[in-house]
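For reference, the structure is listed below as structure tokens.
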Amino acid sequence: MISETIISAVDDVVEQMLANAGGQKPERLKIIVEHPANLTHGDYSTNVAMQLAKTLKKPPMSIAGEIKERLLAHVKINALFYKIEVAAPGFINLYLDWGKWASEASRGAILPDPDRKSAKVLIEHTSINPNKSAHIGHLRNSCIGDTLARMLKRIGQQVEVHNYIDDLGNQLADTVVGFMHTKTEEPFARFGDFCWETYAKINKAYKANPDLQKERAVVLHELEQGSSNVAWLGLLVAERIVREHLEELKQFGVEYDVLVWESSIVREGFWSQAFELLRTTPIFRQETEGKLAGCWVLKQAEDGGSSADNEDFHADKVLVRSNGILTYTAKDIAYHLWKFGLLGKDFHYAKFTDRVWSTQQDGVKKTIGHADRVINVIDRRQEYPQAMVKQALLALGYEQQAQHLQHVSYGVVSLSPDTAADLGVDITERKHSYPMSGRQGIGIKVADLLDRMEQIIDAKRSRRTGLSSRVIAAAAIRYYLLKFHLQTEIVFDFEQATEISGNTGVYLLYSYARACSILDKVKSESGQTAPPAAFDDLELQEHTLLRQLAYWPEILHTAVQELAPNHICAYMHELATLFNHFYATCPILRAENRKKHVRVWLTERFRETLRDALQVLGLPTPKRM
RNA sequence: GUCCCAGUAGCUCAGUUGGAUAGAGCAUACGCCUUCUAAGCGUACGGUCGGGGGUUCGAAUCCCUCCUGGGACGCCA
């Protein structure tokens with residue numbers, strides 16, 4: 001990558017200068033290379049001279065001048081840049097030689113090549129409770145997880161995607177209780193939608209008749225035992241729902257390698273094994289008195305004794321309830337020991353669909369799991385239980401694994417007042433946003449959003465060629481859910497989410513198709529145009545487009561580093577915008593020979609780069625639209 | 001009570017390991033298709049970066065403090 005080349009060259013140069021001056025390299029000297037916002041500041045710039053002013057006891061400008069001279073003599077810098085300038089108060093700006101860059105870019109040399117044999121990364125995402133249809137909050141999770149998997153694969157890492165199915169949880173039990181104690185008369189097209197209503201109804205019934213909640217405990221117990229009629233019913237419900245979820249998410253390009261069922265964890269004896277391990281640690285023990293008497297808990301450090309005044313809040317985490325039933329976190333700890341290959345036990349597997357495996361007791365052995373790094377995509381509200389899993393690993397002495405266990409936390413999706421009102425929520429309080437609630441049956445179902453988006457696109461599109469409106473709709477929704485910073489709580493608004501102009505997936509696909517259409521007319525095969533040797537008299541729009549193309553490897557790298565898909569979205573929108581400016585300003589096919597060559601080549605590079613980025617985000621690459 | 005996250009244009013959001021004139025989309029107004037895809041492009045309008053203090057060559061970004069909103073701390077997941 002270009003920025004890496006600059007950093008290493010600057011590092012060489014700075015070291016020489018410090019050695020000459022007899023100085024030490026400052027501890028916290030970070031050489032940062034930026035993409036200047038302004039074209040006149042070059043294509044890359046660094047502020048290292050200003051950082052060194054104190055150490056070298058010289059004005060930044062003179063330091064920058066010296067670094068510039070030494071960089072100009074540096075082989076690697078010389079090979080890529082034609083000019084370096086110093087700008088007040090001490091910036092060093094570097095200008096790419098586009099002819100040289102072009103020959104490298106065409107060889108693909110600049111893109112990150114697959115690393116040498118890398119560690120195995122296990123990504124868990126989706127993990128929706130299998131008791132009702134999915135809503136857009138679930139979809140955000142799946143899109144993030146699926147995109148992270150694609151990002152890591154793109155840079156050559158070995159990735160395995162897991163979807164954890166909580167088929168022994170309260171929520172599934174609730175839906176089962178709902179089957180037996182609520183009434184349904186209206187028809188539903190999908191099983192999950194019927195369950196959605198049933199789940200809301202049973203929660204309402206619990207309020208009216210709290211005794212009914214005892215039923216849940218009974219069902220939960222039967223689910224865990226696994227042999228009764230009720231257990232079979234639960235299994236059927238969960239499996240049917242999971243199939244609907246997978247089918248639905250497939251439309252958004254979301255895919256998995258393996259489903260891990262919570263019931264498998266229990267029945268394969270994973271918990272018993274984990275329990276024996278945990279018992280050897282001082283922080284795991286059974287309470288004999290107090291509120292948690294009879295429970296097995298993970299003890300948390302008392303902080304200064306002030307917690308005594310707040311009996312409502314205590315940090316200890318129950319893993320086994322006093323009635324002997326396991327909590328989610330208990331099973332999650334066993335699961336994570338297994339993910340890292342630390343349990344000494346393994347699952348068996350059977351095919352769930354033609355490409356997805358599923359844990360199954362009478363299945364076959366597979367080399368699944370045994371990861372070096374684990375990424376869990378789970379919303380921010382679950383930071384505490386995730387921390388408990390990590391703490392259990394630490395308590396067992398697995399420090400390295402704990403360090404390589406990463407919770408990718410993201411903000412929840414809530415509803416704008418207008419959209420909440422559409423769903424019948426009372427918005428007289430005029431809050432900024434309204435939470436979705438499965439228990440109350442409040443939420444935007446994925447299928448409903450997709451249907452509505454499809455209709456909107458169908459009504460507004462001006463051409464019927466290429467992708468179907470439904471495929472475009474799914475892509476638009478996926479992009480919408482990925483473009484926000486992970487920590488941002490998405491306040492979902494129907495009007496805003498269904499935009500088809502501006503910073504949207506539709507705009508990106510359209511720009512891609514536009515480039516394809518133009519290149520079709522020159523009958524250019526991909527990558528066929530030879531890179532121009534020189535780029536003289538570049539138009540502003542040509543230059544800015546070139547620059548943005550050059551930045552792609554670095555953006556991808558940063559996004560992977562930070563596990564932040566939104567960087568890629570922002571980059572692509574900028575890239576597409578610059579291409580459209582270029583398109584509007586510079587005739588491509590009608591230009592004269594030399595210019596035409598440059599412009600066709602640029603359009604080709606744009607198409608290839610955008611295609612790469614679209615694929616990393618899991619979006620389609622339509623030749624026509 | 002303890003801890004975490006956030007507050008940037010009318011709305012929704014980028015930008016936050018300190019950098020050069022704080023950006024985008026939507027909305028509003030006005031323009032641009034006999035010419036490569038108008039799902040596009042252009043112009044205009046729009047800001048005490050929640051308030052106050054501090055650190056320094058330089059702060060939306062770091063520190064302190066206050067205000068406001070959201071979340072976690074459950075024998076739910």
Side-chain angles (χ1 to χ4, degrees), chain A residues 28 30 32 34 36-38 40-41 45 47 50 53 59-60 87-91 93 127 129 166 169-171 287 291-297 300 303-304 306-307 309-310 312-323 325 327-329 332 378-385 387 409 411-412 414 416 431-433 435 457 460-463 465-466 472 483-485 487-493 495-497 499-504 506-507 509-511 513-522 566-567 569-570 573-574 577 580-581 583-585 587-591 599 603 624-625:
Chain A
R28 44 200 232 33
K30 293 166 290 185
I32 292 172
E34 297 184 309
N38 194 324
T40 60
H41 295 142
S45 85
N47 66 356
M50 290 178 279
F91 290 102
N93 299 327
S127 305
N129 266 303
D166 181 12
N170 272 334
Q171 293 207 23
E287 296 287 23
K291 211 166 132 186
L292 300 180
C295 300
W296 285 86
V297 302
Q300 299 301 297
D303 51 341
S306 64
S307 57
D309 340 322
N310 303 302
D312 293 348
F313 311 103
H314 53 87
D316 297 347
K317 182 65 200 166
V318 172
L319 298 188
V320 187
R321 298 168 182 138
S322 54
N323 63 4
I325 294 182
T327 63
Y328 181 91
T329 305
D332 216 20
I378 311 180
D379 82 53
R380 209 171 42 210
R381 294 171 302 188
Q382 292 197 45
E383 253 154 28
Y384 169 69
S409 135
V412 296
S414 60
S416 74
K431 292 199 290 184
H432 173 249
S433 67
I457 286 171
K460 291 189 186 169
R461 72 188 299 177
S462 53
R463 246 181 308 271
T465 54
I472 297 169
K483 75 177 179 181
F484 296 91
H485 184 98
Q487 289 311 309
T488 298
E489 174 187 335
I490 299 183
V491 179
F492 180 91
D493 182 81
E495 289 300 314
Q496 187 210 338
E499 281 296 334
I500 61 164
S501 64
N503 186 1
T504 65
V506 176
Y507 179 75
L509 301 191
Y510 179 76
S511 306
R514 173 179 262 177
C516 289
S517 163
I518 293 164
L519 289 172
D520 255 12
K521 295 203 164 64
V522 274
N566 70 300
H567 288 320
C569 296
H573 178 240
E574 180 70 15
T577 300
N580 285 319
H581 292 175
Y583 168 84
T585 320
I588 299 165
L589 303 177
R590 285 160 211 288
R599 288 174 182 175
T603 305
R624 292 281 175 281
M625 219 175 115

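All values below were derived from every heavy atom in this structure, side-chain atoms included, with hydrogens, water molecules and symmetry-related copies excluded. Just so it is clear: chains get the letters A, B, ... in the order the sequence lines come, proteins before strands, and each one is counted from 1.
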Are [X] and [Y] close enough that some pair of their side-chain heavy atoms sits under 4.5 Å apart?
{"X": "A:Trp296", "Y": "A:Val318", "result": "no"}
{"X": "A:Ser127", "Y": "A:Ile378", "result": "no"}
{"X": "A:Lys483", "Y": "A:Asn566", "result": "no"}
{"X": "A:Thr577", "Y": "A:Tyr507", "result": "yes"}
{"X": "A:Asp520", "Y": "A:Arg624", "result": "yes"}

Legend entry - Reading 5' to 3' through nucleotides 19-24 of chain B, protein heavy-atom contacts under 4.0 Å coded B for base, S for sugar-phosphate only, - for none: BBB--S
Anything under 3.5 Å between a protein N or O and an N or O of nucleotides 3-6 of chain B, put it in a table, one pair a line.
| unit_1 | atom_1 | unit_2 | atom_2 | d |
| --- | --- | --- | --- | --- |
| B:C5 | O2' | A:Arg380 | NH1 | 3.3 |

Would you mind reading off the distance between [X] atom [atom1] and [N] atom [atom2], rounded to a whole angstrom?
{"X": "A:His581", "N": "B:G25", "atom1": "NE2", "atom2": "P", "value": "8 Å"}
{"X": "A:Glu287", "N": "B:G74", "atom1": "CD", "atom2": "P", "value": "13 Å"}
{"X": "A:Glu489", "N": "B:G70", "atom1": "CD", "atom2": "P", "value": "9 Å"}
{"X": "A:Ile472", "N": "B:A39", "atom1": "CD1", "atom2": "C1'", "value": "9 Å"}
{"X": "A:Ile32", "N": "B:U16", "atom1": "CD1", "atom2": "P", "value": "11 Å"}
{"X": "A:Ile500", "N": "B:G40", "atom1": "CD1", "atom2": "P", "value": "7 Å"}
{"X": "A:Trp296", "N": "B:C75", "atom1": "CH2", "atom2": "P", "value": "17 Å"}
{"X": "A:His432", "N": "B:G70", "atom1": "NE2", "atom2": "P", "value": "10 Å"}

Inset, instruction - Report the residues that fulfil side-chain contact (heavy atoms from CB on, under 4.5 Å) with A:Ser414, sequence neighbours left out, ordered by chain and then residue number. - result: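 So A:Ser414 forms a side-chain contact (heavy atoms from CB on, under 4.5 Å) with A:Ser433, A:Glu489, A:Val491.
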Please answer whether the main-chain N or O of [Y] pairs with a side-chain N or O of [X] as donor and acceptor at a distance below 3.5 Å.
{"X": "A:Thr329", "Y": "A:Pro385", "answer": "no"}
{"X": "A:Arg380", "Y": "A:Gln487", "answer": "yes"}
{"X": "A:Ser517", "Y": "A:Ala513", "answer": "no"}

Just to be sure I understand the rule, does [X] reach a base, reach only the sugar-phosphate, or reach nothing, if contact means heavy atoms closer than 4.0 Å?
{"X": "A:Asp332", "answer": "nothing"}
{"X": "A:Asn566", "answer": "sugar-phosphate"}
{"X": "A:Val506", "answer": "base"}
{"X": "A:Val297", "answer": "nothing"}
{"X": "A:Gln171", "answer": "nothing"}
{"X": "A:Thr327", "answer": "sugar-phosphate"}
{"X": "A:Pro385", "answer": "base"}

Inset, instruction - Among the candidates B:C75, B:C76, B:G71, find the nucleotide nearest to the side-chain atoms of A:Arg381. - result: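 Nearest to the side chain of A:Arg381 among the choices is B:G71.
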Legend entry - Selection from B:C75, B:C41, B:A39 that lies nearest to any side-chain heavy atom of A:Asn580: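 Side chain of A:Asn580 sits closest to B:C41.
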Could you tell me how far [M] sits from [N] if I compare only their [atom1] atoms? Round to whole Å.
{"N": "B:A59", "M": "B:G18", "atom1": "C1'", "value": "6 Å"}
{"N": "B:U48", "M": "B:A22", "atom1": "C1'", "value": "14 Å"}
{"N": "B:A39", "M": "B:A20", "atom1": "C1'", "value": "36 Å"}
{"N": "B:G7", "M": "B:U12", "atom1": "C1'", "value": "14 Å"}
{"N": "B:A6", "M": "B:C63", "atom1": "P", "value": "12 Å"}
{"N": "B:U21", "M": "B:G53", "atom1": "P", "value": "23 Å"}
{"N": "B:U43", "M": "B:G23", "atom1": "P", "value": "14 Å"}
{"N": "B:C62", "M": "B:C49", "atom1": "C1'", "value": "16 Å"}

Partner set under side chain to side chain donor-acceptor pair (under 3.5 Å) for [X], not counting sequence neighbours:
{"X": "A:Glu383", "result": "A:Ser409"}
{"X": "A:Asn503", "result": "A:Tyr479"}
{"X": "A:Ser462", "result": "none"}

Taking only residues two or more places apart in sequence or in another chain, which ones pass salt bridge (Lys or Arg N to Asp or Glu O under 4.0 Å) with [X]?
{"X": "A:Glu287", "value": "A:Lys299"}
{"X": "A:Arg381", "value": "A:Asp379"}
{"X": "A:Arg514", "value": "none"}
{"X": "A:Arg590", "value": "none"}

side-chain N/O [X] vs [N] OP1/OP2, d < 4.0 Å:
{"X": "A:Lys30", "N": "B:G18", "value": "yes"}
{"X": "A:Tyr507", "N": "B:C26", "value": "no"}
{"X": "A:Ser433", "N": "B:G69", "value": "no"}
{"X": "A:Tyr510", "N": "B:A39", "value": "yes"}

Inset, instruction - Identify the heavy atoms of A:Met625 and A:Tyr510 that sit nearest to each other, and give their distance. - result: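 Scanning both residues completely, I find the closest heavy atoms to be SD-N, 3.6 Å.
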List, with names and distances, any nitrogen or oxygen atoms from the protein found under 3.5 Å away from nitrogen or oxygen atoms belonging to nucleotides 34-36 of chain B.
| unit_1 | atom_1 | unit_2 | atom_2 | d |
| --- | --- | --- | --- | --- |
| B:U35 | O2' | A:Arg590 | NE | 2.9 |
| B:U35 | O2' | A:Arg590 | NH1 | 3.3 |
| B:U35 | O2' | A:Arg590 | NH2 | 2.1 |
| B:C36 | O3' | A:Lys521 | NZ | 3.4 |
| B:C36 | O2 | A:Leu589 | N | 2.9 |
| B:C36 | N3 | A:Ile588 | N | 3.0 |
| B:C36 | N4 | A:Tyr583 | O | 2.7 |
| B:C36 | N4 | A:Cys586 | O | 3.0 |

Inset, instruction - Tell me whether B:C33 sits syn or anti, counting syn as a glycosidic angle within 90° of 0. - result: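 Syn conformation for B:C33.
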Legend entry - Position toward the 5' end of RNA chain B (nearest nucleotide), A:Gly169 or A:Cys516: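 The residue whose closest nucleotide sits nearer the 5' end is A:Cys516.
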Inset, instruction - Find which nucleotide of RNA chain B each of A:Arg461 and A:Arg321 is nearest to by heavy atoms, and output the residue with the more 5' nucleotide. - result: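 Looking at the nearest nucleotide for each, A:Arg461 comes out on the 5' side.
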Legend entry - Under the 3.5 Å Watson-Crick or G-U criterion, the dot-bracket string of RNA chain B, with | for inter-strand pairs: (((((((..((((.....[...)))).(((((.......))))).....(((((..]....))))))))))))....
